[in-house]
Each structure stands twice: as C-alpha cells, then as structure tokens.
Asker: 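Quick one: the structure is below, questions incoming.
Keep in mind the model is a prediction, meaning the values are calculated, not measured. Throughout, protein chains are lettered first and strands after them, A, B, ... in sequence-line order, and every chain is numbered starting at 1.
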Number of protein chains: 2
Amino acid sequence: MTQPIPASPQDSPFARKLTAFVTLSQNDLSVMSDLYRRRRKFAVGIDIIHQGQTDQSAYVLASGWACSYKILRSGGRQIVDFQIPGDFLGLRSVLFRTSDHNVEPVTPVRASEVTQGELLDAFSRTPRLAAAVLWAASRDEAMVVEHLVNLGRRTAIERMAHFLLELNARLRLVGMADKSGFLCPLSQYLLADALGLSAVHVNRVLRELREEGLVTFQKGRVTFDNYDDLVTLAMFDRAYLDHDGPLLA
Amino acid sequence: MTQPIPASPQDSPFARKLTAFVTLSQNDLSVMSDLYRRRRKFAVGIDIIHQGQTDQSAYVLASGWACSYKILRSGGRQIVDFQIPGDFLGLRSVLFRTSDHNVEPVTPVRASEVTQGELLDAFSRTPRLAAAVLWAASRDEAMVVEHLVNLGRRTAIERMAHFLLELNARLRLVGMADKSGFLCPLSQYLLADALGLSAVHVNRVLRELREEGLVTFQKGRVTFDNYDDLVTLAMFDRAYLDHDGPLLA
DNA sequence: CGGTAGATTGATGTACCTCAAAAGCTGTGG
DNA sequence: CCACAGCTTTTGAGGTACATCAATCTACCG
C-alpha cells in the first residue's frame with residue numbers, strides 16, 4: 001500500500017509532489033537534491049520548531065508525520081495542520097524571524113534542514129523551483145482556509161469525513177495512499193486536537209462512520225468502504241487542492 | 001475617532017501599515033503610489049472577486065470594509081477574514097490562476113486595482129517593497145491561523161472578545177481606532193458567519209459582554225469598557241500581529 | 001508481569017442551535 | 001408626513017450536538 005521512501009532525491013516525496021503540478025527540468029531536480037544533504041532525525045516528543053524561537057531553519061519532511069499547532073493559555077491546543085513526506089516544515093519561520101507556532105513529530109521523523117541562505121540560493125539558480133515552492137506554500141494556505149471552514153461550519157461527522165478525504169488526496173500525491181485507503185499513525189487525541197473535538201467524541205464519530213459503512217479507521221489504517229457517499233457527506237470538493245501551477249513558472 | 005482617508009498615497013492606509021514594520025524610502029513610496037492609479041468603486045452586494053474565476057486582478061483597499069468567504073454546498077457560509085483599508089484583496093488570486101474564495105464589500109468600497117504585471121514590476125524596482133508586501137501576506141496568514149484556533153478551541157464569548165481585540169489592533173495600525181474603541185459596520189449576521197455561531201447567539205454573547213462591563217457594541221460602534229479584563233478573558237496575545245519584519249529587507 | 005497509552009462505552013451536563021415572534025431603524029413611495 | 005416593507009436587533013422556549021467525568025478494556029513495552 002504505502003510506498004517505501006526512495007533513496008534517490010529524483011524520486012523523493014518532495015519531487016513527486018512538485019512535479020505533479022510544475023514541470024521540472026533535470027537541472028531543477030539536481031538543484032533540489034542539494035537541499036537534501038543535511039538530513040536530521042527527530043524522535044517523538046521533541047519539538048522540531050517552537051513558538052517564539054528566532055532564526056530557525058526550515059525542513060523538508062523525508063519520512064514520518066509531523067503536526068504544527070498552537071498552545072492556548074487555557075492549556076488546550078489546536079493542531080493547525082499535519083505534515084506528511086514532501087511537505088515543508090516552518091517555511092514561514094525561515095522567511096520571517098520568529099515562529100508563531102510549534103511543530104512536533106507524530107512519528108519518528110527524518111527531515112532535511114534548509115537554511116534561509118540555501119533556499120534563496122536555490123531559488124536564484126532555478127526560478128522554476130521557486131515557483132514550485134511558492135505553489136506549495138499557497139496550497140498549504142488553501143488547506144488552512146479549508147480547515148477553518150471545517151471548524152466553523154461543519155458537524156463533527158462531516159469534519160472527520162472531510163479530514164480523512166483531504167488526507168487521502170494529499171497522501172496519494174506522494175504515493176502513500178490509493179483510493180482504497182492509507183496507513184495512518186494519528187491517535188484519536190491528535191484527531192481531536194485537529195478537529196476541535198474531544199477525544200471521546202472522535203471515537204463515537206469514527207464508530208458511526210464505520211457502522212454507516214462509509215469508512216473504517218482501525219489499527220492504524222483508514223479504509224474507505226464507500227468513497228462516493230463519504231464525499232457526499234463531507235461535501236468534499238477537491239478544487240482547493242488542485243489549483244493550477246503559478247503563472248510565474 | 002476614526003480618521004478620514006488621506007488623499008496622498010504617502011499617507012494612505014496601505015503606506016501607514018507597511019511603514020509601521022518596514023522602513024520605506026521616498027523612492028519606495030513613490031513606486032507604491034503608482035499602484036494607486038486605477039481606483040475602482042464597488043457597491044455592497046457585488047462580488048469583488050469570486051471563487052473559480054481565473055486571471056483576476058488584486059486590489060488594495062482604499063476605503064470601506066470587505067470580507068473574504070467560502071460558501072458551503074449545504075448553503076451556509078464561513079467568513080475567513082475581514083479586510084480594512086490598507087489590506088490586500090485577492091493577493092493569492094493574482095499570484096496563482098484561480099481564486100478559491102469570494103470577496104465582497106461590507107460597506108461601499110474604493111479599491112485600487114493592481115494587475116500581476118504591475119505588482120511584479122514594482123517588486124523588481126524596489127525589493128524593499130516586495131519584502132514589505134511579503135510581510136503583509138505572512139501576517140494575513142498568521143491571522144487566518146489564529147482565527148482557526150479561535151474556532152477550534154475557544155468558547156463563543158472568548159471568540160467574540162478575541163475577534164474584537166484583533167480588529168482593534170489592526171485598525172489602530174491604520175489610524176482608524178484607539179484604545180477606547182472603533183466604528184464597526186459589521187452586522188450580527190456577519191459576525192456569526194465569521195465566528196461560526198448563529199446570529200441569535202452572537203446577540204446573546206454581545207449582551208453578556210456588555211452586562212459584564214467589558215465591551216459595548218451598539219449602533220455601529222465598539223467601545224471597550226474594560227480593556228484589560230477583556231484581554232484576559234480572550235487570552236489575547238498580540239505576538240502574532242507584531243512579528244518582526246522580513247529578513248529579506 | 002505490572003505499567004502506561006490508547007480505544008471504547010455509559011451517564012450526565014451544557015453551550016449552542018433552531019424556531020418563533022416582537023420591536024427598533026431606515027429607506028421608499030404615495 | 002405617514003404607511004409600509006425590509007433589514008437588524010432583541011428576547012423566549014425548547015431541542016441537540018457536543019463536552020466532561022468516569023470506568024473498563026486492550027495493546028504494547030520494558
């Protein structure tokens with residue numbers, strides 16, 4: 001089902017995602033592979049990026065899952081987004097001085113560190129790569145907006161359905177899912193913090209989706225039992241994920 | 001209380017906002033004033049930008065208020081953000097081909113049209129201006145993230161308090177508010193669509209805030225009766241609005 | 001084998017919604 | 001100047017989707 005992470009940068013999740021929307025030359029790809037040199041590992045429980053810290057590096061996620069979140073003074077937390085292989089971590093933190101959110105691993109993570117200098121250098125060498133990264137950043141923002149709509153105007157069941165469908169669409173881009181489902185390391189506590197629900201209610205919602213024959217999330221695997229009806233329930237419209245490449249390319 | 005919109009671009013809300021965080025030279029300011037040439041008016045009820053449309057212009061809001069939103073298939077809508085004088089409308093729509101959201105005026109709007117070409121041209125002439133606009137875009141994104149946290153993890157009262165405080169901070173940057181309050185043209189229906197509540201509940205929340213002696217929103221004016229306690233209630237931390245200017249400057 | 005983290009289920013409480021209706025304001029035409 | 005329509009605000013009554021608290025159960029791990 002899920003593919004192993006390839007050793008060659010030409011077929012990394014990052015490359016796979018970008019080339020799905022912007023054609024990249026051999027030269028673009030080789031510049032990109034330079035960004036893959038300083039590989040670091042992060043264990044679960046150790047923040048990769050944290051709020052208020054200045055002059056951070058950014059990272060490209062090579063393997064594992066992470067999440068970005070904010071802590072409330074009341075103690076609760078809200079997960080803003082999950083990151084999967086091929087995603088940037090902390091792109092905003094490197095363009096600007098201080099980070100306004102935290103990023104932590106959900107599973108053990110391997111990620112390539114990219115400093116601000118390296119990023120700008122790569123951009124000047126291949127404008128197409130810059131355009132592709134800009135496209136990726138805009139897509140991230142579109143996902144945050146859709147997440148906001150999710151929290152503001154959908155019921156718990158619709159939220160969960162929408163979330164699982166979006167995740168599936170994203171994972172397919174990097175070859176880690178197909179129409180039947182995907183492996184998913186997220187606990188019900190993480191789902192709760194992302195969807196603005198309690199963990200108890202997440203459990204009940206998953207049970208209902210299962211009993212309705214729509215989708216099954218058990219033992220770390222999401223299986224779509226009735227994809228079309230799930231799309232209808234979630235009012236899932238993937239236009240926001242598919243927008244065309246940047247004009248600048 | 002609220003200042004009249006100045007005629008000179010050097011003291012426009014746009015300039016005022018950007019110069020609060022990035023020092024701009026006389027040359028930067030004059031390039032910027034070129035962006036102010038094609039002034040257009042929009043009446044309430046007529047979309048400025050709409051979802052799915054391609055090759056849009058962007059605008060800089062000169063006077064009036066607008067809001068960006070998404071419509072759900074179920075009929076409801078979620079307001080993502082309000083725009084006040086000095087804000088960009090549809091910056092993402094011009095960097096990329098199609099818009100994934102709508103923008104409509106809340107009051108009659110005057111806005112300056114900026115095409116993609118003009119924007120890129122201005123950027124190449126003054127990198128500092130590009131940096132300043134990038135800073136503004138990043139601040140917008142930070143506001144969307146905070147809005148998401150608001151919807152996911154705060155109660156209705158906290159949400160409303162946080163929203164009014166954020167709006168006050170933004171309006172102060174362009175001289176349209178002070179610590180005592182501001183003029184606010186938003187109906188309770190608009191507040192409801194922004195905060196993920198029903199209009200009825202918005203009304204009750206506003207009454208409670210008034211009766212607690214925290215803030216009064218009546219007859220188009222927001223008055224802070226006890227600013228400090230309101231900040232405490234909302235857990236308002238304005239760090240996400242104040243982050244430092246871009247490193248690129 | 002005990003300890004810990006996650007999943008599951010039940011009982012109860014509450015924050016918010018929906019429906020309904022009245023009252024204030026604003027503009028429009030007669 | 002009044003009558004009326006249309007929006008917005010306000011208030012009440014009743015329903016529901018969610019949270020909270022608490023307990024049990026499982027899986028995993030040293």
Side-chain angles (χ1 to χ4, degrees), chain A residues 43-45 65 67 72 74-79 104-108 150-163 183-212 215-222 233, chain B residues 43-45 65 67 72 74-78 104-108 150-163 183-212 215-223 233:
Chain A
V44 177
W65 293 43
C67 69
L72 300 196
S74 61
R77 79 162 174 176
Q78 175 65 48
I79 292 178
E104 75 171 28
V106 167
T107 68
N150 229 1
L151 294 179
R153 285 296 182 214
R154 285 196 253 252
T155 66
I157 280 223
E158 291 165 357
R159 262 181 244 180
M160 180 65 75
H162 194 279
F163 174 79
L183 294 180
C184 183
L186 304 177
S187 74
Q188 294 181 356
Y189 288 93
L190 288 169
L191 292 172
D193 281 343
L195 300 178
L197 301 168
S198 68
V200 171
H201 201 62
V202 163
N203 184 283
R204 293 193 224 275
V205 162
L206 288 175
R207 172 154 57 93
E208 186 169 348
L209 286 169
R210 191 179 341 117
E211 288 172 355
E212 296 285 332
V215 60
T216 303
F217 186 169
Q218 267 172 341
K219 287 290 293 170
R221 170 158 181 87
V222 172
L233 169 67
Chain B
V44 178
W65 293 41
C67 69
L72 299 196
S74 60
R77 80 163 173 177
Q78 176 65 48
E104 74 170 29
V106 167
T107 68
N150 230 1
L151 294 178
R153 286 295 182 216
R154 284 196 255 253
T155 65
I157 279 222
E158 292 165 358
R159 262 181 243 180
M160 180 64 75
H162 194 279
F163 174 79
L183 295 180
C184 183
L186 305 177
S187 73
Q188 294 181 359
Y189 286 94
L190 287 170
L191 292 173
D193 281 343
L195 299 178
L197 301 169
S198 67
V200 171
H201 202 61
V202 163
N203 184 283
R204 293 192 222 274
V205 162
L206 287 175
R207 172 154 56 93
E208 186 169 350
L209 286 168
R210 191 181 338 117
E211 287 173 355
E212 296 285 332
V215 60
T216 303
F217 186 170
Q218 267 172 342
K219 286 289 294 172
R221 169 157 182 87
V222 173
T223 306
L233 169 67

Asker: List the residues meeting side-chain hydrogen bond (donor to acceptor under 3.5 Å, both in side chains) with A:R153, not counting sequence neighbours, and say none if there are none.
Answerer: B:D193

Asker: Minimum heavy-atom separation for A:M160 and A:L195, please, with both atom names.
Answerer: CE-CD1, 3.6 Å

Asker: In whole Å, what is the span from the CG atom of A:L206 to the P atom of C:dT9?
Answerer: 11 Å

Asker: Atom pairs under 3.5 Å, N or O on each side, protein against nucleotides 5-7 of chain C: can you list them with distances?
Answerer:
residue	atom	partner	partner atom	Å
C:dA7	OP2	A:Q188	N	2.9

Asker: Side chains of residues 196-208 of chain A: which donor-acceptor pairs under 3.5 Å do they make with residues two or more places apart or in other chains?
Answerer:
residue	atom	partner	partner atom	Å
A:S198	OG	A:H201	N	3.2
A:N203	ND2	A:Q188	OE1	3.1

Asker: Starting at atom CD of A:Q218, determine the distance to atom P of D:dT26, rounded to an integer number of angstrom.
Answerer: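 So the two atoms are 14 Å apart, to the nearest Å.
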
Asker: The criterion is side-chain hydrogen bond (donor to acceptor under 3.5 Å, both in side chains); which residues satisfy it with B:S74, sequence neighbours excluded?
Answerer: none

Asker: Could you list the residues that satisfy side-chain hydrogen bond (donor to acceptor under 3.5 Å, both in side chains) with B:T216, not counting sequence neighbours?
Answerer: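 B:T216: side-chain hydrogen bond (donor to acceptor under 3.5 Å, both in side chains) contacts with B:D225.
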
Asker: In whole Å, what is the span from the CD atom of B:E208 to the P atom of D:dT11?
Answerer: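 Nearest whole value for this atom pair: 13 Å.
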
Asker: For nucleotides 27-30 of chain D, which of its nitrogen or oxygen atoms have a protein nitrogen or oxygen under 3.5 Å away, and what is each distance?
Answerer:
residue	atom	partner	partner atom	Å
D:dC28	OP1	A:K219	NZ	3.2

Asker: Would B:L190 and B:W65 satisfy side-chain contact (heavy atoms from CB on, under 4.5 Å), going step by step from the backbone distance to the final call?
Answerer: CA-CA 12 Å; B:L190 287 170; B:W65 293 41; over 6 Å; no

Asker: Taking salt bridge (Lys or Arg N to Asp or Glu O under 4.0 Å) as the definition, give me every residue that meets it alongside B:E104, ordered by chain and number, with sequence neighbours left out.
Answerer: B:R77

Asker: Can you name the residues that form a ring pair (Phe, Tyr, Trp, His ring centres under 6.0 Å) with A:F217, not counting sequence neighbours?
Answerer: none

Asker: Strictly distance-based, threshold 3.5 Å: is any side-chain N or O of B:R159 a donor or acceptor partner for the main-chain N or O of B:R154?
Answerer: yes

Asker: For the residue pair B:A194 and B:L151, what are the closest heavy atoms and their distance?
Answerer: O-CD2, 4.0 Å

Asker: State, to 0.1 Å, how close B:L209 and B:L233 come at their nearest heavy-atom pair, and which atoms those are.
Answerer: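 Distance-wise, the nearest heavy atoms are CD2-CD2, 3.8 Å.
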
Asker: Where along nucleotides 12-22 of chain D does protein come under 4.0 Å, by heavy atom, of base (B) or sugar-phosphate alone (S), with - for untouched nucleotides?
Answerer: BB----BSBB-

Asker: Rounding to 10 degrees, work out the angle separating the end axes of the helix from C:dC1-D:dG30 to C:dG30-D:dC1 (five pairs an end).
Answerer: 40°

